[in-house]
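Every chain is numbered from 1, with letters handed out A, B, ... down the list of sequences.
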Number of protein chains: 2
Amino acid sequence: METRRRILEIARELFAAQGYAGTSIAHIAGRLGTTKAALYYHFDSKAEILSALVEEPLAAFAKLAESKAAPEELLAAVIDTTGTYLNTAEALGSDPSVRLVLKERAQELGADEINAAIVATLAGPRPSVKRRVRAHAAYAVAKHSTLALGEVGPRERAEILAAALRALDES
Amino acid sequence: METRRRILEIARELFAAQGYAGTSIAHIAGRLGTTKAALYYHFDSKAEILSALVEEPLAAFAKLAESKAAPEELLAAVIDTTGTYLNTAEALGSDPSVRLVLKERAQELGADEINAAIVATLAGPRPSVKRRVRAHAAYAVAKHSTLALGEVGPRERAEILAAALRALDES
DNA sequence: GTCTATAAGACGATAGAC
DNA sequence: GTCTATCGTCTTATAGAC
């Protein structure tokens with residue numbers, strides 16, 4: 001069970017650096033210090049490595065998507081969840097080959113649907129153009145400035161949340 | 001010269017859907033209705049297709065990175081440039097295999113450096129934590145809500161810019 | 001749980017005919 | 001400018017010994 005964790009850690013790094021499609025099983029095995037065959041003892045396929053890798057963060061974001069919390073709590077949760085899964089969150093929403101594999105597996109709620117659901121909650125029912133754009137803006141701040149900053153301490157967290165709320169401008 | 005344009009158009013679609021590493025020359029040739037060999041008459045390698053594809057948008061963003069315009073003009077330019085190259089802009093900053101190939105070629109300023117330069121201009125000299133976070137927030141609004149909205153008309157453009165300026169909050 | 005060996009095919013790229 | 005045919009390599013994945 002320890003080797004399994006090491007495989008996931010190595011895969012996470014390589015997927016982030018080269019993409020899922022651009023990373024081979026042989027490359028992962030090389031870093032692991034074993035052979036490809038040893039890897040297939042722990043995982044049935046390359047796609048299953050990816051699934052195991054994104055399972056937890058995807059579930060966390062899916063939970064957010066179903067949340068009907070008020071904007072301030074929802075945006076704070078987006079910041080915190082993005083910060084918690086900082087390493088995997090990049091590959092999640094970016095690498096097209098990752099999206100493709102997860103879509104084929106129909107594993108759960110896709111990343112696109114999750115984003116859309118959170119933005120819809122922020123925008124409220126039957127939103128005007130203004131409300132819709134502002135919801136997108138607030139979400140962009142919460143998600144992407146957390147990603148860009150890398151590490152988010154309490155000072156950064158408070159500033160990101162405040163900026164997101166200004167972008168939303170509910171007053 | 002017409003075939004070359006069609007190849008780039010097809011490659012753009014496939015790279016966006018499956019990623020650069022996840023798209024084969026055979027797949028592009030199949031969509032084109034010809035063979036792989038025909039493709040190699042127009043481009044010397046797969047990487048060269050990618051280079052040709054991102055040349056113009058990358059130059060446009062690099063020009064922004066060197067601009068020392070005031071925040072409002074700079075953010076407006078980010079919105080407009082992102083909107084102009086909406087189709088290619090996604091693959092640019094997202095697909096890890098794209099980043100890798102462009103980095104190997106050392107083609108020009110990388111996407112990361114461009115983003116960092118624009119944020120640095122927004123943050124101003126020797127920025128505090130607050131200024132730095134707000135610069136990231138404003139840039140996130142300009143870039144990612146434009147991407148998320150897909151098409152940006154004059155109404156959306158004005159709302160995005162206003163939201164980005166509120167996030168920056170220079171007052 | 002890891003190994004060697006190998007299957008079976010996809011990949012990028014090229015040669016040479018037309 | 002496009003074709004057929006092919007080279008050499010890399011790919012995912014499996015079989016079977018240890």
*Could you list who else is in B/L86's hydrophobic cluster, with ILVMFWY side chains joined at under 4.5 Å, directly or through other members?*
B/L147
_Just the rounded figure in Å: distance from P of C/dT2 to CD1 of A/I28._
15 Å
*Below 4.0 Å: OP1/OP2 of C/dG1 and any side-chain N or O of A/Y41*: yes
*asked:* Suppose the criterion is side chain to side chain donor-acceptor pair (under 3.5 Å): which pairs have a residue in residues 59-80 of chain A, not counting sequence neighbours?
replied: A/D80-A/R157
*asked:* Just to verify, what does B/Y139 make a ring-ring contact (aromatic ring centres under 6.0 Å, His included) with, not counting sequence neighbours?
replied: none
_Letter per nucleotide, 5' to 3', of nucleotides 4-16 of chain C [B base touched, S only sugar-phosphate touched, - untouched; heavy atoms, 4.0 Å]_ = B------SBBBB-
*Could you check how far CG of B/L39 sits from P of D/dT4, rounded to whole Å?*
14 Å
List, one per line, each side-chain donor-acceptor pair under 3.5 Å for residues 24-41 of chain B, sequence neighbours excluded.
from  : atom 1 : to    : atom 2 : distance (Å)
B/S24 : OG     : B/H27 : N      : 3.1
B/R31 : NH1    : B/E13 : OE1    : 3.1

*B/H144: partners by ring-ring contact (aromatic ring centres under 6.0 Å, His included), with sequence neighbours left out*: A/H144
